[in-house]
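Lettering of chains follows the sequences in order, A, B, ..., and the numbering in each one begins at 1. Both backbone and side-chain heavy atoms feed into the values below; hydrogens, waters and symmetry mates do not.
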Amino acid sequence: MTPGGATTTVLLPEVPSLGGLYARGAGLSLARRMRPGPSALPDVEYVVRGVQSSSEHLTDYQHLLGESGSDELPAGFVHVLAFPVATALMVRSDFPLPLVGLVHLANRVTQLRPLRLGDVLDVRATATDLRPHRSGTQVDLVTEVSVDGSVAWRGVSTYLARGVFLAGTVTEPSETFVPPTPTGRWKLDGDVGRRYAAVSGDRNPIHLSALSAKALGFPRAIAHGMYTASRALADVGAGRGDAFEWAAEFVKPVLLPGTVTVRIARSSEGFAFAGWDARSGKPHLTGSVTPLR
Amino acid sequence: MARPTTPTPEVRRAYVLGGNRIPFARAGGPYVRASNQDMLTAAIDGLVARYGLQGERIGEVAAGAVLKHSKDFNLTREAVLGSALSAETPAYDVQQACATGLETVVSLSNKIRLGQLESAIAGGVDSTSDAPIAVSNRLRRALLDLSRAKTVGQKLAAVSKIRPKDLAPVAPNTGEPRTHLSMGEHQALTTAQWEITQAAQDEIALASHQRLAAAYDSGFFDDLVTPFRGLTRDANLRADSSLEKLAKLKPAFGLGLDTPATMTAGNSTPLSDGASTVLLGSADWAAAHDLVPLASVVDAEAGAVDFVHGDDGLLMAPAFAVPRLLARNGLTLADVDLVEIHEAFAATVLTTLAAWESEEFGRTRLGLDGAFGTVDRARLNVHGSSLAAGHPFAATGGRIIATVSKELHRRKEATGAPVRALVSVCAAGGLGLTAILEAA
């Protein structure tokens with residue numbers, strides 16, 4: 001059974017480069033915006049077998065995000081390895097939403113057991129649950145990573161296409177954010193977007209420079225949502241255990257350079273985290289890391 | 001009514017309960033991008049996994065690095081915070097050149113002996129691949145002045161002091177600050193003084209490789225080493241080394257002396273990256289955690305020599321410390337079953353042994369009636385040492401202590417008789433640290 005119950009499998013020889021996918025997605029996006037409205041998701045799964053990571057890549061990731069030196073692959077690093085497979089699905093001509101301008105709303109990862117350097121990974125990606133959002137249409141990209149046929153890691157990335165409307169009822173957003181007592185602060189230099197781009201391969205122009213971000217409607221470059229969520233996961237540290245669920249909601253982009261005030265602290269279920277702008281009190285992201293027992 | 005004075009604590013035994021290290025890599029090898037903090041954390045986490053210490057509050061963790069970035073001022077505590085140990089585990093950094101690792105074992109054992117600690121983790125790490133590069137003193141002063149400058153004039157004045165040659169980075173080296181001779185050049189002087197041949201040094205090197213390879217093959221290191229970054233054995237290990245191959249290597253040190261140059265890359269330790277840890281505890285703590293004590297740390301003695309004025313060789317301090325240590329414990333070399341002499345260079349081991357075998361050195365330098373004694377070569381570095389394993393400076397002490405403690409315990413299990421080990425580590429600055437361990 002495939003995650004989305006897809007009937008067609010597209011087997012890619014290797015994990016595609018995000019740069020090439022963005023170029024392709026940019027061409028298709030314009031055409032898609034012209035269409036009257038999205039209809040259905042393609043009934044397809046994308047698969048890449050035999051994915052391996054290098055110790056240099058892992059070390060660079062650990063140093064950038066503040067993960068400990070270990071041969072275990074942080075859950076955010078697995079996302080970096082696997083997510084381009086989902087992106088390949090999003091640039092298909094029959095994918096109903098435009099890639100350029102998609103907003104990463106939320107991300108939820110379930111790590112069932114730790115993956116290690118040297119593990120040979122099979123990645124499988126599907127798109128599910130096309131649904132209305134108050135300012136457009138959202139969709140879930142589901143990525144599963146398995147070793148020897150057994151799933152170890154599952155990620156659900158929720159994206160929003162603004163201004164692309166779908167018939168249906170809109171679920172209202174969560175309650176208002178009240179800034180808690182901070183436990184720390186992330187001082188993000190102007191090059192954080194470029195540095196995470198180098199490690200993740202995600203060179204979306206909105207993260208790279210003020211100029212390229214302005215062209216897409218942002219006043220300055222913005223941090224990758226996954227950079228902030230992965231940093232929160234690193235800050236949780238070993239307390240997350242071997243198996244856990246890691247969920248993040250990206251509320252408001254972090255403009256670079258910038259300072260994010262954070263709280264990463266124990267909660268009744270595990271750990272809760274939040275990052276916000278201390279001056280406005282508005283949240284950038286909220287989330288949790290919940291050990292699975 | 002008189003208040004009673006605080007009672008003097010009773011001294012009890014401190015035990016080595018286990019150890020864990022990552023395989024040692026050659027500089028520029030698989031750990032080239034790994035920082036000291038990465039490697040120390042990996043070594044601690046391997047120990048935690050092996051002994052089930054997840055979330056455990058250990059009494060204290062002490063470790064250090066010889067080549068240390070200034071941002072790593074709290075290296076050990078940061079490694080603990082990044083590990084699976086309880087975040088409530090205290091930690092401190094130690095720096096005693098190549099004796100750092102052994103000093104952490106000695107000082108933590110003493111705290112356990114005095115009842116201040118129930119458990120402890122000793123360790124050390126070094127990276128010559130990720131070594132700090134400093135800026136020149138003139139550039140550093142100008143930059144500090146610039147950061148304090150308030151007016152444009154002050155800023156310009158600070159910047160104007162910088163000269164092009166000040167921009168050259170300053171890399172660390174193994175040169176002695178007072179003599180400006182490298183450690184190899186210093187040892188070459190001592191090697192010549194004691195007339196040690198290349199053949200004798202190559203024999204030490206070959207035995208080191210063969211014994212370390214045999215220990216790996218027999219599974220001895222299965223519960224002492226955790227693979228890291230694809231490395232499962234020490235990268236420097238050459239199981240197929242031979243005296244013929246070693247003899248062909250060109251001398252690397254002592255080239256300018258009027259005696260033959262005998263020290264080669266084959267009988268000197270390579271620059272290395274790696275980390276090691278040792279788990280220490282009281283008998284009660286070991287029992288409560290279902291751990292079997294391997295050896296107790298009995299006593300230790302540090303020494304130092306005046307190499308600056310040529311009185312003794314740079315790495316000869318253990319030659320003085322060991323006789324004092326054994327005398328204090330009523331022991332002679334014959335009472336020691338295992339002798340671990342850190343192989344900074346094969347010649348370091350041989351000059352130390354030569355000094356102990358010398359009647360004149362015994363009488364004039366050690367104040368004895370004659371020679372201090374002879375070490376049975378069959379008891380020396382029985383599972384190989386730094387020539388084969390490599391020598392990430394501060395990590396060597398932990399490697400030796402974990403290895404020799406396991407061997408002590410194994411021998412006592414086999415025979416039931418008391419077994420003792422002597423450990424000797426030389427260090428920069430003319431320092432040396434030595435210790436006695438006894439099988440538990």
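- Contact of A:Thr59 with chain B is made through backbone and side chain together, with heavy-atom distances under 4.5 Å.
- Among pairs with a residue in residues 32-82 of chain B, none fulfils ring pair (Phe, Tyr, Trp, His ring centres under 6.0 Å), at least two apart in sequence or across chains.
- There is no side-chain donor-acceptor pair under 3.5 Å between B:Ser35 and B:Asp130.
- Put simply, of B:Gly82, B:Pro227, B:Gly55, B:Gly230, the one with the most heavy-atom pairs under 4.5 Å next to chain A is B:Gly82.
- Between B:Phe24 and B:Asp273, every side-chain heavy-atom pair lies at or beyond the 4.5 Å cut-off.
- Within the 4.5 angstrom heavy-atom criterion, only backbone atoms of B:Ser83 (N, CA, C, O) approach chain A.
- The shortest distance between side-chain heavy atoms of A:Thr143 and A:Val123 falls below 4.5 Å.
- For A:Glu72, no part lies near chain B; criterion is any non-hydrogen pair under 4.5 Å.
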